[in-house]
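Letters go in sequence order (proteins before strands), and every chain restarts at 1.
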Number of protein chains: 2
Amino acid sequence: MKRNTWQREAVRAALADAGGFVSAQALHASLREGGSTIALATVYRTLTGLADEGEADSLQQEGELLYRACTPGSHHHHLICRRCGTTVEIEAQPVEEWARRTAAEHGFTRAEHVVDIFGLCARCTELADRASRP
Amino acid sequence: MKRNTWQREAVRAALADAGGFVSAQALHASLREGGSTIALATVYRTLTGLADEGEADSLQQEGELLYRACTPGSHHHHLICRRCGTTVEIEAQPVEEWARRTAAEHGFTRAEHVVDIFGLCARCTELADRASRP
DNA sequence: CGGCTTATCGAGAACGGTTGTCAAAACCGT
DNA sequence: ACGGTTTTGACAACCGTTCTCGATAAGCCG
Ligand SMILES: [Zn+2]
Ligand SMILES: [Zn+2]
Ligand SMILES: [Zn+2]
Ligand SMILES: [Zn+2]
């Protein structure tokens with residue numbers, strides 16, 4: 001049976017709080033920052049759990065897994081700021097269809113797809129420009 | 001200056017030989033298999049080099065980096081068999097445009113995108129079906 | 001409200017892929 | 001062939017993640 005622990009709630013809250021994609025370690029750090037005594041392994045376990053249950057999205061960037069709170073059950077993709085992690089959920093029917101069709105055309109079955117866009121959000125763009133041209 | 005060593009050539013050849021995405025370790029193993037005495041670190045270094053120079057594509061799957069020989073300079077995406085690693089290069093102008101437009105609409109700049117389709121190729125599909133329904 | 005069962009937790013060790021270190025070897029323009 | 005520089009190889013170090021296992025505490029039943 002699944003149990004409700006304050007640790008699980010803390011991770012859920014911190015994840016929702018983060019607003020964008022964050023690593024398990026970063027989340028753990030921010031929890032400790034806030035006075036929690038939660039263990040790193042627990043953060044890892046909880047995040048994998050949330051991702052399995054569809055309460056969080058995950059993606060790999062530069063060798064580490066990032067997680068983000070996510071509306072359960074809906075299929076969508078992300079527009080992610082490389083600098084600050086801010087994330088926008090995007091739906092793209094045309095891409096869905098294109099993926100399905102392309103896979104079928106080549107005889108592929110059980111097709112899944114990874115579609116993500118990385119860039120600099122408006123704010124980070126401005127900051128970067130200001131920094132490079134003083 | 002960049003030098004030509006037999007190790008670099010061996011990696012290039014083995015990579016071309018593989019035909020699909022392979023891990024550095026797998027490539028190293030198959031090289032030793034073939035009698036080469038090349039070191040693992042060299043395989044890693046060479047692969048990162050090739051990827052930087054655009055001679056190889058790379059992607060992350062389940063915590064490890066996979067590489068594939070790749071026509072240099074061209075932007076494209078992949079249709080990858082989860083089982084055997086067979087890869088098909090695909091171009092998708094509509095997706096390129098959609099990605100560019102979506103990023104711009106949300107004020108994102110310097111946008112790059114990841115678009116890959118994973119599935120079972122025709123052969124692996126057949127094998128899987130045969131195995132599950134004897 | 002106590003016990004009891006058992007999922008979950010914490011601390012640290014272990015793991016696997018990758019990168020760093022540095023002396024020795026290989027490369028290449030001369 | 002020579003000498004400055006790059007690259008290699010063996011191994012240690014790294015880093016994110018997972019495993020182990022005794023301790024803890026959630027939820028259930030009486
Ligand atoms: Zn940003
Ligand atoms: Zn999709
Ligand atoms: Zn296949
Ligand atoms: Zn593209």
**Prompt:** Linking Ile, Leu, Val, Met, Phe, Trp and Tyr by side-chain heavy atoms under 4.5 Å, what else ends up with B/Tyr44?
**Reply:**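 Members other than B/Tyr44 - counting any ILVMFWY side chain reachable under 4.5 Å - are B/Leu40.
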Spacing of [X] atom [atom1] relative to [N] atom [atom2], expressed in whole Å:
X: A/Arg8; N: C/dT8; atom1: CZ; atom2: P; answer: 7 Å
X: A/Arg32; N: C/dA11; atom1: CZ; atom2: C1'; answer: 11 Å
X: A/Ile38; N: C/dT8; atom1: CD1; atom2: P; answer: 14 Å
X: B/Leu66; N: C/dG17; atom1: CG; atom2: C1'; answer: 12 Å
X: A/Glu64; N: C/dT19; atom1: CD; atom2: C1'; answer: 16 Å
X: A/His28; N: D/dT17; atom1: NE2; atom2: C1'; answer: 14 Å
X: A/Gln25; N: D/dC14; atom1: CD; atom2: C1'; answer: 12 Å
X: B/Leu47; N: C/dG17; atom1: CG; atom2: C1'; answer: 13 Å

**Asked** Given D/dT8, is OP1 or OP2 found less than 4.0 Å from the side-chain N or O atoms of B/Thr42?
**Response**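 For B/Thr42, the contact criterion (side-chain N or O under 4.0 Å from OP1 or OP2 of D/dT8) is not met.
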**Request:** Indicate yes or no: at least one non-hydrogen side-chain atom of A/Glu96 is less than 4.5 angstrom from one of A/His113.
**Result:**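 Answer yes - side chains close enough.
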**Asked** Charged N to carboxylate O below 4.0 Å: is that the case for B/Glu53 and B/Lys2?
**Response**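 Here B/Glu53 pairs with B/Lys2 in a salt bridge, since their nearest N and O are under 4.0 Å apart.
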**Pair A/Arg123 + A/Glu126: basic N to acidic O under 4.0 Å** =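 Looking at A/Arg123 and A/Glu126, the cut-off is not met.
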**Message:** side-chain contact (heavy atoms from CB on, under 4.5 Å) for B/Cys70 and B/Glu89? Distances and angles first, verdict last.
**Reply:** CA-CA 9 Å; B/Cys70 169; B/Glu89 295 194 357; 4.2 Å; yes
**Dot-bracket summary - DNA chain D, pairs being Watson-Crick or G-U whose distances fall under 3.5 Å, with | when paired to another strand** = ||||||||||||||||||||||||||||||
**Complete:** Quick tally for nucleotides 23-30 of chain D: nucleotides whose base has a protein heavy atom under 4.0 Å get B, sugar-phosphate-only ones S, the rest -, giving --BBSS--
**Asked** Between the side-chain atoms of A/Arg45 and the base atoms of C/dG10, is any donor-acceptor pair under 3.5 Å?
**Response**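 Looking at the base of C/dG10, it does pair with a donor or acceptor on the side chain of A/Arg45 (distance under 3.5 Å).
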**Asked** Between A/Tyr44 and B/Ala39, who's closer to the 5' end of DNA chain D by nearest nucleotide?
**Response**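 In this pair, the answer is B/Ala39.
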**Prompt:** So, the side chain of B/Arg110 versus the backbone of A/Arg82: is there a donor-acceptor pair under 3.5 Å, distance only?
**Reply:**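 No, the answer is negative, given that no donor and acceptor are paired below the 3.5 Å cut-off.
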**Item:** Heavy-atom donor-acceptor pair, A/Thr46 side chain to A/Arg8 backbone, under 3.5 Å
**Value:**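 No: the side chain of A/Thr46 does not pair with the backbone of A/Arg8.
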**Request:** Could you please spell out the steps behind the side-chain contact (heavy atoms from CB on, under 4.5 Å) verdict for A/Asp57 and A/His76?
**Result:** CA-CA 10 Å; A/Asp57 267 350; A/His76 55 255; 3.0 Å; yes
**Item:** Proximal nucleotide (of C/dG20, C/dT18, C/dG12) relative to the B/Leu65 side chain
**Value:**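 Closest nucleotide to the B/Leu65 side chain: C/dT18.
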**Asked** Quick one: on DNA chain C, does B/Ala24 or A/Val43 contact a more 5' nucleotide (nearest heavy atom)?
**Response**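 Its nucleotide being nearer the 5' end, the pick is A/Val43.
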**Asked** Run the side-chain contact (heavy atoms from CB on, under 4.5 Å) check on B/Ile90 and A/His106 step by step: do they pass?
**Response** CA-CA 10 Å; B/Ile90 48 188; A/His106 290 83; 4.1 Å; yes
